Amino acid sequence: MKREPKPNNGLHIYDTLERKVLPITASDGQVVRIYCCGPTVYRDAHVGNLRTFLLSDLVRRTLEFSGLKVKMVQNITDVGHMSEDFEEDKMLAQSKLEKRDPYSIAREYEEKFHKDLAELNILPAHNYPRASECIEMMLEHIAKLTELELAYQGDDSSIYFDSTKFDSYGQLSGNRLDALKPGHRYEYVEAGAKRFHADWALWKAAGNRREMIWQTAYGPGFPGWHIECSAMSLHYLQGHVDLHIGGIDLRFPHHENERAQSNPLVKGEAVSAWLHGEHLLFEGRKMSKSSGNVVLLSDVITRGFDPLSLRFCFLENRYRSQMDLSWNSISAAHSTLQRLRAKYQQWKLAPRDYSDEASAFVLAILAHFQADLDTPQVMIKLRSLEKEDQFSDGQKAAILENLEPLLALKLLEEMPIKELPDEARVLLEARQRARENKDFALSDQIRDQLLLLGIAINDSPSGQSWSWKS
RNA sequence: GGUGGAGUGGCCGAGAGGCGAGGCUCGGGACUGCAAAUCCCGCUACACGGGUUCAAAUCCCGUCUCCACCUCCA
C-alpha cells in the first residue's frame with residue numbers, strides 16, 4: 001500500500017540516537033533551535049560537504065513553510081580541528097603549505113563557503129560563530145566539566161574528558177567503550193597523558209606550537225575539536241538544541257563526544273534530535289584527494305551547469321542514503337531544470353488560478369518534505385505536474401510560485417540573458433538578410449559562426465530567434 | 001574482524017505482494033530549405049539459487065558482489 005503522508009503534520013525526522021522518526025518541535029514553544037556543524041575552513045568545500053549543508057536548508061525551509069520559527073546556528077571551525085598528533089592541525093598544515101597567516105586562510109575559505117551556499121540558494125544561518133572567537137565560552141565549559149569531575153588534567157597539562165564517567169557513552173554511534181579499543185583499522189598508540197584510551201582532549205597544551213594559542217589558567221594552549229560545538233551550541237541556542245545536524249561521519253567521535261560534554265551541563269539531553277546526512281559518492285567512489293575525484297561547485301559551474309542543478313540532484317535522492325553523483329546526473333538535472341523554467345514562463349501567461357486542487361497539490365508536496373524529507377517523492381510529484389492534464393496553466397503557475405520557498409530551485413526565473421556582443425548582433429542581422437534572400441548557404445555558415453560564440457539559433461515561421469547555448 | 005546500507009533496462013533512479021514511475025542517453029516520426037529547439041512514438045528491467053503464494057522486483061532462506069562507518073573526514 002502506498003502511504004500518502006498527511007499534510008501539515010509537521011516535520012518528522014529520523015533521530016540517530018533513538019533510531020526512529022521523531023516530530024521536530026520548538027521545545028520552548030516559540031522557536032525551533034537548530035545547530036549545524038559547519039566547515040573547517042582550510043580548503044574549499046566540495047559538493048559532498050555541500051550536500052550536508054543543503055540538508056540544513058531543507059529542514060529549515062520545511063519548518064518555516066509549515067509555519068514555525070527557526071533559529072539556526074552554524075559554526076566556523078578555524079582552530080582546533082586536528083588529529084591526535086597536533087602537528088597535523090588542518091589549519092596550521094595548510095598555513096605552512098601556503099606560507100600564509102592561518103587566519104587569512106581561514107577568512108578566505110569562510111568567504112568561499114558563504115558564496116557556495118548562496119549559489120545553492122541555501123538560506124544563511126542566523127549566526128556563524130567562529131571557534132577562534134569563542135575561546136572564552138569553551139574555557140567556561142571546560143571549567144564546569146572539571147568542577148563536575150568529568151575532566152582531568154593530564155601529565156602533559158592538557159585537559160581530558162573522562163569518558164568512563166559518562167554512562168551512556170557510545171549510545172549515539174553504537175560504539176561500546178570496550179569495543180573501541182581493538183581499533184582494527186588503526187594501530188592504537190597509547191597516548192601517555194590520557195588515563196583511558198577513549199578519553200579525548202578538551203584543551204590541548206601548546207607544546208612547541210606558537211600560532212593559534214591562548215594563554216589560560218592551564219597554561220598556553222588551544223581547544224580540542226569537540227568542545228567547540230558543545231560550548232557554541234549551548235551558548236548561542238540558550239542551553240538547548242532542538243535539532244542537531246551534521247554529516248554521518250561526525251556521529252563518531254565528534255557528536256558522541258559532544259553529547260558527553262553537553263549533557264552533564266544541562267543535566268539531561270542537550271539535543272532533542274540528531275540528524276545525520278549520508279555521504280555523497282562521486283562516480284561510485286568516496287570523494288577524497290587520494291581518489292582524485294574531489295568535485296567543487298566551481299567545477300560544476302565551469303562545465304556550464306547551473307549550480308542549482310546540483311540542488312536538483314540532491315533533492316532526487318533521500319538524505320539518508322548514500323548517493324552516487326556523476327556528471328551525467330548533473331547534466332540531466334540541468335536540462336530538466338531549464339525545461340521547467342521554460343514551461344513556467346509559458347504557464348504564467350495564463351490567468352493565475354490558486355484553486356483548492358492547486359493548493360492540495362502544494363500541500364501534498366509539503367507532506368513529502370515533512371515525512372522525513374522524502375525529497376525523491378517530491379521530485380516525482382513535481383515532474384508529474386508537467387504532464388498533468390487536470391491542472392490549467394494558471395494553476396500550474398500558481399503551484400510553482402507557491403512552492404518556490406520550499407524547493408528554492410529558482411523555477412520562476414527566466415533564463416539568465418547575457419548581453420549580446422556587437423559581433424553577434426552584426427552576424428544575426430546578416431543572417432536575417434541572407435534568409436530573406438533565400439541564401440541558405442550563407443545563412444548556415446553564419447549560424448555556425450554564431451554557434452562558436454555560444455549562440456544557438458532557432459528558426460521558426462515567424463523568423464529567427466537566438467539563445468545562449470547551455 | 002565488527003556494524004550499517006545497497007544491487008532495477010545504455011546511465012541515473014522510484015516502487016515494498018497483482019496493474020512494468022520518471023528522467024537522461026539512444027532510435028524512429030512530425031515540424032524545418034537544412035539544422036536546432038519543441039512535440040509524438042519506441043527501447044520493457046529488477047544480482048544469483050532455492051522457497052512461500054493463485055500471484056514475488058517486492059516476503060523467507062542461502063550465495064555472490066559493491067559501498068560506507070569503526071577516535072582525519074560533510
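Order of the sequence lines fixes the chain letters, A, B, ..., with proteins taken first and strands second; residue numbering starts at 1 for each chain. For clarity, every value in this text was computed on a predicted model and none was experimentally measured. What you see below is based on every heavy atom in this structure, not just the backbone, and it leaves out hydrogens, waters and symmetry mates.
- Between A/R311 and A/D57 there is a salt bridge, with a side-chain nitrogen of the basic residue lying less than 4.0 Å from a carboxylate oxygen of the acidic one.
- A 6.0 Å sphere centred on CD of A/E111 holds no more than 12 heavy atoms belonging to other residues, nucleotides or ligands.
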How is the base pairing of RNA chain B summarised as a dot-bracket string, given the Watson-Crick and G-U wobble criteria with both distances under 3.5 Å, [ ] for crossing and | for another strand? (((((((..(((.....[...))).(((((.......)))))....(((((..]....))))))))))))....
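- Comparing the same atom, C1', in B/C11 and in B/U25 gives a spacing of 7 Å after rounding to whole Å.
- Seen from the ring of A/F222, A/R209 counts as a face-on cation partner, given the 6.0 Å and 45° thresholds.
- Positionally, the nearest nucleotide of RNA chain B for A/S329 lies more toward the 5' end than for the other of A/S329 and A/S443.
- Nearest to the side-chain atoms of A/K343 among the listed nucleotides B/G33, B/U71, B/C39 stands B/C39.
- Nucleic acid contact for A/N317: sugar-phosphate only, since backbone atoms but no base atoms lie under 4.0 Å from a heavy atom of the residue.
- Taking the six-membered ring for Trp, A/Y35 and A/Y236 have ring centres at least 6.0 Å apart.
- The separation between A/H368 atom NE2 and B/A14 atom C1' is 11 Å, rounded to whole Å.
- The residue among A/M323 and A/R435 whose nearest nucleotide of RNA chain B is located toward the 5' end is A/M323.
- Counting atom types as modelled, A/N49 pairs no side-chain N or O with a base atom of B/C73 as donor and acceptor under 3.5 Å.
- Across all strands shown, A/L281 has heavy atoms under 4.0 Å from sugar-phosphate atoms exclusively, and none from any base.
- The cationic group of A/R195 lies under 6.0 Å from the six-membered ring centre of A/Y152 and within 45° of the ring axis, placing it in a cation-pi geometry.
- Within 4.0 Å of A/R447, counting heavy atoms only, lies at least one base atom of the nucleic acid.
- Of the residues A/F161, A/W200, A/F196, the one that meets the ring pair (Phe, Tyr, Trp, His ring centres under 6.0 Å) test with A/Y169 is A/W200.
- Whole-Å rounding puts the A/H255 NE2 to B/U71 C1' distance at 14 Å.
- The phosphate of B/A37 (OP1 or OP2) has no side-chain N or O of A/N458 nearer than 4.0 angstrom.
- Comment: A/R433 does not engage A/D439 in a salt bridge, judged by the lack of any side-chain N to carboxylate O separation of less than 4.0 angstrom.
- When rounded to the nearest whole Å, the span between CD of A/Q464 and P of B/A35 equals 18 Å.
- Going from the C1' atom of B/U63 to that of B/G23 covers 34 Å, rounded to whole Å.
- In this structure, of B/C73, B/A74, B/A35, it is B/A74 that holds the atom nearest to the side chain of A/L280.
- Between the C1' atom of B/G13 and the CG atom of A/L382 lies a distance of 16 Å, rounded to the nearest Å.
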Treating primed atoms plus P, OP1 and OP2 as sugar-phosphate and everything else as base, which nucleotides of nucleotides 22-27 of chain B get B, S or - for protein heavy atoms under 4.0 Å? SSS---
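- Nucleic acid contact class of A/G48 (heavy atoms, under 4.0 Å, all strands): base.
- Checking A/Q464 against A/R431 by side-chain atom types alone, a donor-acceptor pair falls below 3.5 Å.
- Distance CD1 (A/I330) to P (B/C11): 18 Å, rounded to an integer number of Å.
- Taking each heavy atom of A/P264 and A/L150 in turn, the nearest pair found is CB-CD1, 3.3 Å.
- Between A/R251 atom CZ and B/U3 atom P there is a gap of 14 Å when expressed in whole angstrom units.
- Here, B/A74 and B/A68 have their C1' atoms 14 Å apart, quoted to the whole Å.
- The C1' atoms of B/A56 and B/C61 are separated by 15 Å, rounded to the nearest whole Å.
- The gap from the C1' atom of B/G42 to that of B/G10 amounts to 15 Å, rounded to the nearest Å.
- Comparing B/C31 with B/A21, their C1' atoms sit 30 Å apart, to the nearest whole Å.
- Spacing between atom NE2 of A/H279 and atom P of B/A74 amounts to 7 Å, rounded to whole angstrom units.
- Note on A/R19: nothing from the nucleic acid sits closer than 4.0 angstrom, heavy atoms only.
- At least one test fails for A/R251 against the ring of A/W274: distance under 6.0 Å to the centre or angle within 45° of the axis.
- Remark: A/D306 engages A/R341 in a salt bridge, criterion side-chain N to carboxylate O under 4.0 Å.
- In terms of phosphate contacts, A/Q377 brings a side-chain nitrogen or oxygen within less than 4.0 Å of OP1 or OP2 of B/G15.
- With distances taken from any side-chain atom of A/W225 to the nucleotides B/C72, B/U71, B/A35, the minimum falls on B/C72.
- Rounded to whole Å, the C1' atom of B/C43 lies 22 Å from the corresponding atom of B/A47.
- What separates CD1 of A/I446 from C1' of B/A35 is a distance of 15 Å, to the nearest Å.
- Between A/R51 and the phosphate of B/C73, there is no side-chain N or O to OP1/OP2 separation shorter than 4.0 Å.
- Nucleotides B/G17 and B/A57 place their P atoms 13 Å apart, quoted to the nearest Å.
- Within 4.0 Å (heavy atoms only), A/H46 reaches at least one base atom of the nucleic acid.
- A cation-pi arrangement is absent between A/R43 and A/Y109 under the rule of less than 6.0 angstrom and at most 45 degrees off the ring axis.
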